[in-house]
There are 4 protein chains.
Amino acid sequence: MSDTQRTADKRVERSKAKVLAETYRQLTETGLSGVSIDEVSRVSGISKATIYRHWRSRSELLIDACSRLGGPQEAPDTGSLRGDVRALLTHLASQLQTAAWSSVYPSIIDAAERDVEIGAMQSTLHRTFMSPFHKVIERARTRREIHSDRAATELIALLVGPLFYRRWFSKEKLDKRYIDSLIKSVLDEG
Amino acid sequence: MSDTQRTADKRVERSKAKVLAETYRQLTETGLSGVSIDEVSRVSGISKATIYRHWRSRSELLIDACSRLGGPQEAPDTGSLRGDVRALLTHLASQLQTAAWSSVYPSIIDAAERDVEIGAMQSTLHRTFMSPFHKVIERARTRREIHSDRAATELIALLVGPLFYRRWFSKEKLDKRYIDSLIKSVLDEG
Amino acid sequence: MSDTQRTADKRVERSKAKVLAETYRQLTETGLSGVSIDEVSRVSGISKATIYRHWRSRSELLIDACSRLGGPQEAPDTGSLRGDVRALLTHLASQLQTAAWSSVYPSIIDAAERDVEIGAMQSTLHRTFMSPFHKVIERARTRREIHSDRAATELIALLVGPLFYRRWFSKEKLDKRYIDSLIKSVLDEG
Amino acid sequence: MSDTQRTADKRVERSKAKVLAETYRQLTETGLSGVSIDEVSRVSGISKATIYRHWRSRSELLIDACSRLGGPQEAPDTGSLRGDVRALLTHLASQLQTAAWSSVYPSIIDAAERDVEIGAMQSTLHRTFMSPFHKVIERARTRREIHSDRAATELIALLVGPLFYRRWFSKEKLDKRYIDSLIKSVLDEG
DNA sequence: CAGTAAACGAGACGGTACGTCCCGTCTTATG
DNA sequence: CATAAGACGGGACGTACCGTCTCGTTTACTG
């Protein structure tokens, strides 16, 4: 019953879908601050009143659209921690250079700096992105591949921190050679 | 003549200073996107026409104001690479948690994503911030403390990448214990 | 079938009554233009669809509600034209200063200026309000109190025109003294 | 100096004129409530921001536009009160049937019912319209044509009240015959 | 030290976006 | 089958900011 009520009007789904699609498009093209509700309304053909009926504020819509940036992430299983990590970092590096979310992410971090709800959304997004890393580390620990009691998050920071740093801060290349070097530095320590 | 032209009018200096001061204030309080030229004009008492006389666009003013974020950075000299790095990372961690620029930086990275001039400014800013790291590494290399031929930028990425990551991405603590752990991980490798 | 129809009818009556009551309330408080269908629906608990089922348009509902402004008017019978007129004008003056309809009437006249159906409603309303005047004049004519062949409507215009004028145009007082003066001027002519 | 400052920017005059012209046009066509700022902006080519720069609110603009309804009224001088009054009433009757303001006036009265500033504007407008009546009465009193000490406003109410009444309330004709009859009734009393 | 040219403040201007409100139509599920 | 609940497109409201503009007044250098 509450189920039927929830699904009730087909128009709702249709409107929300159209709005989210257009918002997502603007989001990936111009970042959070480049999304205009008026423009979303114009292009999607959904009236502003309807948009504000489904999302209480611009922020809420942006949060909703951002959530779509991170689809479910798969954890590779190559048999070894090193192999898994190489696969993950290679994929991440590739995404950082081409995926839509990589040019949007800074605007999310920026907004999160001043808006707690966007901050919460960013945390969720971050957790999603990092979950494959946690999985392969957990698996490695089970296999006794990891002896140190270093927290998983610390290891992850050592691995992805430098990648993010090079993508957004120093703007250096993220090629295969660098990833190999990074893995060596982090996993071959004494 | 070139002298007169350079010094031009005292009023110009005064106007620019007032505008930059207010812009900087808004910048650190609300980020790049929170700066309003109208508000800058109102508060500084400098008319919009004058502002646009000195900076061709909002972007240009923002770039100018952002440049003031990074003053000249000092490189510590403790006698050892490890000591220097500890000093640098401790200072950086402290800044990341309290300094004005740490909440503004994401908005700069975001804008840089879509504006090449802001991108250039960000690069300059980044170079300024990182120069102490280059100095201490150079010094360590001279002292034969570093044997590997690993590029300085790679070492820096290993050191500051995780710090930035924890500040803006995973939002974990940046305490003394973590810095020690980080230094150990990066400098004690095989 | 007649049973279902009866049940149906009851609901219709109930809905209509609730809607009209709330519309009337808003009407007298804020005038024609102050009536909001959304607000009527919200307060009365009757859905907008139902409202538009019973009245084809906002105008039609307003017309219906306005009709309630003029209840059946009683004609006094003092025995003389002068006495009747004094009673009528005194009552009218009192109504003009306190009754709900006196602040609503201008909005009806305004709407009538551009909407023929509202115009028709206004005419009906006007006829209702003026019928006691026609009655006492008719009675006076029967009693041979009126010799002139002046049309009743002309006499009425002479009596109530100045009252309306002072209520809505010149905004002068409508006290007992003025009514006496008015009656003298109109009925004591040569 | 204050004069030059007042007239300073020619654009102000131009903008105000265009806005008032279009507002006046909508006003006479659709009444007070039919004026839309968005529409005025669109048609006049003056931005909404500019409109609200010159008039603090929709009401203020409407008041300004309404004031243009009553140009300066001339008082006839036929030599006798009766002649003057006949001229005035004939002109008024003609205006009531054709002039723009006669279809707008009810909306002003309506708005005045709930807005004191519009009420003040209406009073001014009313005074302007009635001033010729006051003039001819004053003149007649000087000529000893009027013996009674009846206030001018009372006489005016007797003359124009019935006219207004027939225009907006009973909707009866305002022809020459009626005006003659009206003058006879009011001026030939005992 | 007077004349002039640049700098200036004040703020008008068109454009675009914001979030809210109401209208009249519609869709769906309930009683 | 009347109803409640409420989605929908359209359009107005009044405000904010952007970057350009016009105007008349300082202010500082120059002749």
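Hydrogens, waters and symmetry mates play no part in the numbers below; they use all other heavy atoms, side chains included. In what follows, chains carry the letters A, B, and so on, assigned in the order in which the sequence lines appear, proteins first and then strands, with residues in each chain numbered from 1.
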Without decimals, in angstroms, what is the distance between [X] [atom1] and [N] [atom2]?
X	N	atom1	atom2	result
Leu32(B)	dC18(F)	CG	P	13 Å
Asp38(C)	dA5(F)	CG	P	14 Å
Lys16(D)	dA12(E)	NZ	P	10 Å
Leu61(C)	dG24(E)	CG	C1'	13 Å
Ile51(B)	dC8(E)	CD1	P	11 Å
Glu13(D)	dG11(E)	CD	P	17 Å
Lys18(A)	dG9(F)	NZ	C1'	12 Å
Ile37(C)	dG6(F)	CD1	P	19 Å

* Answer yes or no: does atom CZ of Arg68(C) have more than 12 heavy-atom neighbours from other residues, nucleotides or ligands under 6.0 Å? =>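 Not buried by this count: 12 neighbours or fewer within 6.0 Å.
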* After noting the C-alpha distance and the side-chain angles of Glu13(C) and Lys16(C), does the key distance pass the salt bridge (charged side-chain N to carboxylate O under 4.0 Å, His left out) rule? -> CA-CA 5 Å; Glu13(C) 303 266 358; Lys16(C) 283 181 119 174; over 6 Å; no
* Asked: Toward the 5' end of DNA chain E, which comes first, Ser47(B) or Ser59(A), by nearest nucleotide?
  ->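 Comparing both residues, the 5'-ward one is Ser47(B).
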Pick base, sugar-phosphate or nothing for [X], based on heavy-atom distances below 4.0 Å to the nucleic acid.
X	result
Ser15(D)	sugar-phosphate
Val40(B)	nothing
Ser57(B)	nothing

* Can you find a heavy atom in the side chain of Met121(A) that is under 4.5 Å from one in the side chain of Ile118(A)? -> yes
* Asked: Do the non-hydrogen side-chain atoms of Tyr105(D) and Leu125(D) ever get within less than 4.5 Å of each other?
  -> yes
* Most 5' of Arg14(A) and Glu39(D) on DNA chain F, judged by nearest nucleotide -> Arg14(A)
Between [X] and [N], is there a side-chain N or O to OP1/OP2 distance below 4.0 Å?
X	N	answer
Arg42(A)	dA17(E)	yes
Ser41(B)	dG9(E)	no
His54(B)	dA7(E)	no
Arg58(A)	dC18(E)	yes
Ser36(A)	dT16(E)	no

* **Proximal nucleotide (of dG9(E), dC18(F), dA2(F)) relative to the Thr50(B) side chain** => dG9(E)
* **Taking every non-hydrogen atom, the tightest pair across Asp110(D) and Ser103(C)** => OD1-O, 4.4 Å
Strictly under 3.5 Å: I want the nitrogen or oxygen pairs between protein and nucleotides 25-27 of chain E, one per line.
unit_1	atom_1	unit_2	atom_2	d
dC26(E)	O2	Arg11(A)	NH1	3.4
dT27(E)	O4'	Arg11(A)	NH2	3.1

* Backbone of Glu60(A) reached by a side-chain donor or acceptor of Glu117(A) within 3.5 Å -> no
